[in-house]
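A short worksheet on the structure shown next.
Positions are given from 1, in the same order as the sequence printed here. None of the values given here were measured: they were computed from a predicted structure. Counting starts at 1 for both ligands and their atoms, following the listed order.
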Amino acid sequence: MIALFDSGIGGLTVLGSLWHRLPQRDYLYLSDQAHFPYGDRPEADVRRDVAAFAAYARAAGAEALVLACNTASAIALEDAKAAFDGPTYGVIAEVAAHAAARSRCGIVGVLATTNTCRTHAYRDAVGARVEEVACPDLIALAEFGGANDQDVAREAAEPLAALRAAGADVVILGCTHLPHFERALRELTAPWATLLDPGEALAKRLARDLPERRENGTVRCETTGDPAAFARRLGQELPKICARATVAHIASSRLRS
Ligand code: DGL
């Protein structure tokens, strides 16, 4: 079983990419909605809670842990590795390795949380000129659902204008919530930038690393937030992402006693 961690429903985009390439695997999706947004949380709190989730995933028998959350990957990858004590993947390194090669002008843009931008994790990993722009309001739109294309265009206007003005011709969707708006964002950036989804890049890597299986996989989702609200959001999102998934269990993870 592969465990994924995210601060909310954003990591379902990473689950979708993994499911597409490895549909015979079982997945445990862990969501810390009680503490969303991670993008504005103190670093020490993120590190403590990500380590707790990693230990929980290990106790649940996961064979690999994916920090789907960019913010957690930027701040707490080493904490997760120590607590999980097995194959642990962040979501930044794979997309960063190929981003510079996709840019004609050598300028890579990143849309991400305030915390991810502050750590400069993408700038350090990409190895080219990187412009990082925070878009917390756009991210919150994805978490709480119900946004239409006009809402996305309104909240994305300023961050995208900043990246365009900086000359970026590649934009990494450096927060798991943003691929939920991929179609709308693609239309807004089509004339000047190519979008890159870190979840897609990571899924390709895992498909190389993990052996194939024959049986059909399952998905189990747990949240620290309100299970009923989570179930409603999953009902909207899961059928779009992994058609054969079943939600085997929805419950508070009770990580903090
Ligand atoms: N899922 C987080 C990420 O990928 C962003 C949302 C948050 O602020 O918690 O960075």
Could you tell me, atom by atom, which parts of ligand 1 come under 4.0 Å of a heavy atom of [X]?
X: I139; value: 6 (C)
X: T113; value: 5 (C), 8 (O), 10 (O)
X: H177; value: 1 (N), 5 (C), 6 (C)
X: F36; value: 6 (C), 7 (C), 9 (O)
X: P37; value: 7 (C), 8 (O), 9 (O)
X: D6; value: 1 (N)

For this session: Find the distance between OH (Y38) and CD (E43) and round it off to the nearest 0.5 Å.
Result: 13.0 Å
Exercise. Does a sphere of radius 6.0 Å around CZ in R118 hold more than 12 heavy atoms from other residues, nucleotides or ligands, not counting ones at 6.0 Å or beyond?
Worked result: yes
Classify the side-chain pair [X]/[Y] by whether it contains a donor and acceptor separated by less than 3.5 Å.
X: T116; Y: N70; answer: no
X: S7; Y: D32; answer: no
X: T218; Y: D26; answer: yes

For this session: Please determine if Y38 has a nitrogen or oxygen closer than 3.5 Å to a nitrogen or oxygen of ligand 1.
Result: yes
For this session: Give yes if a backbone or side-chain nitrogen or oxygen of T71 is under 3.5 Å from a nitrogen or oxygen of ligand 1, and no if not.
Result: yes
For this session: Record the part of N70 in heavy-atom contact with ligand 1 below 4.0 Å; permitted values are side chain, backbone, both and neither.
Result: both
What residue and atom, counting heavy atoms only, is the protein's closest point to [atom], and at what distance?
atom: atom 8 (O) of ligand 1; answer: G39 N, 2.8 Å
atom: atom 1 (N) of ligand 1; answer: T176 OG1, 2.8 Å
atom: atom 6 (C) of ligand 1; answer: S7 OG, 3.4 Å
atom: atom 5 (C) of ligand 1; answer: C175 SG, 3.1 Å

For this session: Could you walk me through whether E222 and L28 pass the side-chain contact (heavy atoms from CB on, under 4.5 Å) test, one step at a time?
Result: CA-CA 8 Å; E222 299 185 19; L28 171 63; 3.8 Å; yes
Exercise. Counting distance only, does the side-chain N/O of E132 pair as donor-acceptor with the main-chain N or O of A112 below 3.5 Å?
Worked result: no
Seminar exercise, completed: Of S31, G199, C69, P136, the one whose closest heavy atom lies nearest atom 2 (C) of ligand 1 is C69
For this session: Is it possible for you to say whether V126 and L178 belong to one hydrophobic cluster, with membership spreading through side-chain heavy-atom contacts below 4.5 Å?
Result: no
For this session: Check the angle between the aromatic planes of F36 and F144 and answer parallel, tilted or perpendicular using the 30° and 60° thresholds.
Result: perpendicular
